[in-house]
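Values in this document were obtained by computation on a predicted structure and should not be read as measured data. Every heavy atom of this structure was used, including side-chain atoms; hydrogens, water molecules and symmetry mates were not.
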Amino acid sequence: MHNGSSFFSQIPPVTKNLIIINLIVWLAMFVLPGRLGTGLENFGGLHYFLASDFNPAQLITYMFMHSTQSFAHIFFNMFSLWMFGMTLERTLGSARFLFYYVSCGVGAALVQELVWALTWEDTMVGLLAKYNAIDFPEAREYIRHLMSTPDGKAAIAQNLNMFVTIGASGAVYGILLAFGMLYPNAPLYMFFIPVPIKAKWMVIGMGAVEILIGLSEAAGKADGIAHFAHLGGMIFGFLIILYWKKKGTFHGSY
């Protein structure tokens, strides 16, 4: 009991509470039956802003929800938050760390909204053409006609609910970016790689991979992961850390 208490007491308060909140929400989504469990994701998951189920609170609530289909989703996010968040919280201070975490999560959501704005029509055109055996120009014309009428807009808004993103990955990628910027030469070990990699190279590599996979996804090879949202978290994190570095302040409250 003493060792367990000592372990948890060493985790800074914001990092610890973020992990606890994520686990509680995940358990709620996992154990609540049927429509109630699904309703949590429908209410709290990030939707496209033109979708009928969108509400502004989702820009924050989505980052505390994780897939119940795989334990790996929440495990790797929380493991990364614990591993890198502790150091960053001690470096930045608890208040500034919380601001940074939430800002990266919101930034990731905004980038995802932008991606949806650029791609939703093509996605729906493809689905309409496929399931109704019509060509793409005809499907596009039909969707644009719907968008020109109130009833049509309502029907499109209902169908736009298919676009949903959940997870803390955007905020976590922001944390990884910050760690790489603040401790660029820190040696890190990655799974299946027996030699240490400097943090700066790991961050650059992860960013490059997300760009490549995101572009592949835009070309129609989707894997169900919001890769551009990950990049959004890194981009917003980069801008925030760059601003703080120029100010020369990294300690105390925000």
Side-chain angles (χ1 to χ4, degrees), residues 29 35 37-63 65-70 73 104-171 173-174 205-236 238-239:
M29 294 175 65
R35 287 181 296 176
T38 303
L40 290 176
E41 184 172 333
N42 288 341
F43 176 78
L46 179 67
H47 290 66
Y48 181 41
F49 76 95
L50 292 179
S52 60
D53 286 348
F54 171 78
N55 69 76
Q58 293 169 357
L59 295 171
I60 293 178
T61 57
Y62 89 99
M63 71 181 81
M65 310 183 79
H66 290 80
S67 171
T68 57
Q69 304 301 312
S70 171
H73 188 208
C104 288
V106 172
L110 293 176
V111 169
Q112 185 60 45
E113 291 287 338
L114 176 61
V115 171
W116 280 332
L118 296 173
T119 61
W120 76 264
E121 184 176 307
D122 286 340
T123 300
M124 294 192 72
V125 165
L127 292 173
L128 185 64
K130 176 181 178 180
Y131 291 109
N132 292 275
I134 59 178
D135 58 28
F136 276 57
E138 184 179 353
R140 191 178 302 279
E141 183 64 26
Y142 178 71
I143 287 178
R144 290 182 177 178
H145 169 71
L146 287 177
M147 290 298 292
S148 67
T149 66
D151 289 343
K153 283 185 178 180
I156 292 293
Q158 189 65 36
N159 282 281
L160 286 173
N161 288 322
M162 75 173 82
F163 299 111
V164 184
T165 289
I166 58 174
S169 298
Y173 268 70
M206 291 176 65
V209 167
E210 291 301 313
I211 291 174
L212 292 173
I213 298 178
L215 292 174
S216 176
E217 186 175 72
K221 301 177 180 178
D223 60 4
I225 300 174
H227 296 284
F228 281 113
H230 298 173
L231 286 171
M234 298 181 82
I235 291 170
F236 273 72
F238 175 80
L239 294 175

Yes or no on side chain to side chain contact (heavy atoms under 4.5 Å, CB included) for Arg144 and Glu121, after CA distance, side-chain angles and deciding distance? CA-CA 9 Å; Arg144 290 182 177 178; Glu121 184 176 307; 2.8 Å; yes
In sequence, state the C-alpha distance, the side-chain angles, and the governing distance for Glu41 and Thr68, and then conclude on side chain to side chain contact (heavy atoms under 4.5 Å, CB included). CA-CA 10 Å; Glu41 184 172 333; Thr68 57; 5.9 Å; no
List the steps and the verdict of side chain to side chain contact (heavy atoms under 4.5 Å, CB included) for Trp120 and Ile143. CA-CA 11 Å; Trp120 76 264; Ile143 287 178; 4.2 Å; yes
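Closest approach of Trp116 and Leu46 over heavy atoms only: CH2-O, 3.4 Å. Across Asn42 and Gln58, no two heavy atoms sit closer than the pair O-NE2, 3.8 Å. For the residue pair Ala51 and His47, the shortest heavy atom distance occurs at CB-CB, 4.3 Å. Considering all non-hydrogen atoms of both residues, Ala157 and Leu50 come closest at CB-O, 3.3 Å. Smallest separation of non-hydrogen atoms from Phe54 and Tyr48: CB-O, 3.3 Å. Scanning all heavy atoms of the two residues, the minimum distance from Gly170 to Ala108 falls at CA-CB, 3.7 Å.
Separating the CD1 atom in Ile156 from the CG atom in Asp151 is a distance of 12.0 Å, to the nearest 0.5 Å. Atoms CE and CG, on Met65 and Leu40 in that order, are 5.5 Å from each other to the nearest 0.5 Å. Atom CD in Glu113 sits 11.0 Å away from atom CZ in Phe163 (nearest 0.5 Å). Here CG of Leu127 is found 5.5 Å from CE of Met162. Values are rounded to the nearest 0.5 Å.
Panel note: side chain Asp122, backbone Thr119; no donor-acceptor pair is recorded below 3.5 Å. Of the possible donor and acceptor atoms, none in the side chain of Gln112 sits under 3.5 Å from a partner among the backbone N and O of Thr165. A donor-acceptor pair under 3.5 Å is absent between the side-chain atoms of Asn132 and the main chain of Ile134, judged by distance alone. Formation of a donor-acceptor pair under 3.5 Å by the Asn161 side chain with backbone atoms of Asp53 is found in this model.
You'll find the side chain of His73 reaches within 4.5 Å of the side chain of Ser169, heavy atoms only. Between Asn159 and Met124 the shortest side-chain heavy-atom distance falls below 4.5 Å. In this structure, Val111 and Phe236 have side chains that are in contact, with non-hydrogen atoms separated by less than 4.5 Å. Side chains of Leu231 and Tyr173 form no contact here, defined as non-hydrogen atoms less than 4.5 Å apart. Taking 4.5 Å as the limit, some side-chain heavy atom of Met63 sits within range of a side-chain heavy atom of Val106.
In this structure, Leu114 places its CG atom where more than 12 heavy-atom neighbours from other residues, nucleotides or ligands lie under 6.0 Å away.
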